[in-house]
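In what follows, a single structure is set out as structure tokens and then discussed.
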Amino acid sequence: MSGHRGNQMAATSVAAIVAMAATLLCLVGCASTGGKFAASAGKGAGASAGAALTIDSLHMSAAGTLIDLRYRVVDAERAGRVLGPKIRPRLIDEASGIEMAVPNTAKLGSLRQTQGTQREGRTYFVLFVNSARIGPGSRVTAELGELRFQHLLVE
């Protein structure tokens, strides 16, 4: 098998895994664990939260190729301003400094919920590509617009 064909097959496999994970998340719905992670707002470490949202869970998905972040909206108006479709969420591995982004596929678009109005009390998801190759037990910082959540433990 030539190198080019092998690269195409690998890219197709990754795209298939991402598509399956997104489909599974849509079928499972937005389960919640009740706001496990404390929020900090703003760019400074430890800033107090005028919380627009709380982080419910952060865990590995799709055989470790994706990291699934679930957040609950506390203040719908502020969350709508902070998490609009033009915002590019980032997940940063605290050990290596590697930034992980939200994949954007041709058929599914961005693998995060950004359509419509954010509603108080609802839980939403954001998927990140695990480009840092971290595992359960790793510590990360999530940047969602102007909100920064530090020292999150990946489950």
Side-chain angles (χ1 to χ4, degrees), residues 1-33 35-47 49 51-73 79 81-115 118 123-155:
M1 178 179 329
S2 73
H4 179 68
R5 183 178 169 132
N7 289 341
Q8 284 180 324
M9 290 178 66
T12 302
S13 296
V14 170
I17 289 171
V18 169
M20 286 187 296
T23 302
L24 178 62
L25 287 170
C26 290
L27 293 174
V28 169
C30 294
S32 169
T33 59
K36 289 172 31 174
F37 297 106
S40 66
K43 295 291 181 187
L53 55 97
T54 60
I55 303 295
D56 279 354
S57 67
L58 184 67
H59 61 273
M60 306 301 296
S61 187
T65 61
L66 297 174
I67 301 171
D68 180 356
L69 182 144
R70 301 287 172 119
Y71 65 90
R72 177 183 300 274
V73 173
R81 287 192 313 266
V82 172
L83 297 169
K86 295 184 183 195
I87 298 298
R88 300 289 174 238
R90 300 183 315 154
L91 196 64
I92 304 160
D93 176 28
E94 292 180 358
S96 69
I98 294 174
E99 294 182 11
M100 295 167 271
V102 176
N104 193 356
T105 67
K107 289 191 177 193
L108 299 173
S110 183
L111 296 184
R112 60 179 240 183
Q113 290 174 297
T114 57
Q115 301 299 326
Q118 304 274 328
T123 301
Y124 298 88
F125 74 88
V126 180
L127 294 176
F128 294 92
V129 173
N130 188 4
S131 56
R133 297 189 176 151
I134 62 174
S138 297
R139 293 278 178 183
V140 297
T141 295
E143 291 183 356
L144 306 170
E146 68 185 41
L147 300 178
R148 183 177 177 100
F149 300 85
Q150 296 179 309
H151 315 303
L152 301 174
L153 181 66
V154 178
E155 298 175 350

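Counting begins at 1 with the first residue of the sequence. Any value given below was found using the heavy atoms of this structure, including those in side chains, with hydrogens, waters and symmetry copies removed.
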How long is the gap from [atom1] on [X] to [atom2] on [Y], to the nearest 0.5 Å?
| X | Y | atom1 | atom2 | result |
| --- | --- | --- | --- | --- |
| L53 | L147 | CG | CG | 5.0 Å |
| L91 | S138 | CG | OG | 10.0 Å |
| Q118 | Y124 | CD | OH | 5.0 Å |
| R148 | E146 | CZ | CD | 13.5 Å |
| R72 | I55 | CZ | CD1 | 12.0 Å |
| L66 | H59 | CG | NE2 | 10.0 Å |

Just wondering, do [Y] and [X] contact through their side chains at under 4.5 Å, heavy atoms?
| X | Y | value |
| --- | --- | --- |
| V102 | R88 | no |
| L144 | R90 | no |
| Y71 | T54 | no |

Looking at every non-hydrogen atom in both residues, tell me the closest pair between [X] and [Y] and how far apart they are.
| X | Y | result |
| --- | --- | --- |
| A79 | A52 | N-CB, 3.8 Å |
| L152 | A142 | CD1-CB, 3.8 Å |
| E99 | S131 | O-OG, 3.5 Å |
| G137 | L153 | O-CD1, 3.3 Å |
| P136 | E155 | CB-C, 3.8 Å |

| message | Can you list everything that forms a side-chain contact (heavy atoms from CB on, under 4.5 Å) with E94? Sequence neighbours excluded, please. | response | R139, T141, Q150, H151
| said: Donor-acceptor check, side chain of N130 to backbone of G64, threshold 3.5 angstrom: yes or no? | reply: yes
| message | Using the rule side-chain contact (heavy atoms from CB on, under 4.5 Å), only one of L58, L69, I92 pairs with F128; which is it? | response | L69
| message | Is a donor from one side chain sitting under 3.5 angstrom from an acceptor on the other, for D56 and T123? | response | yes
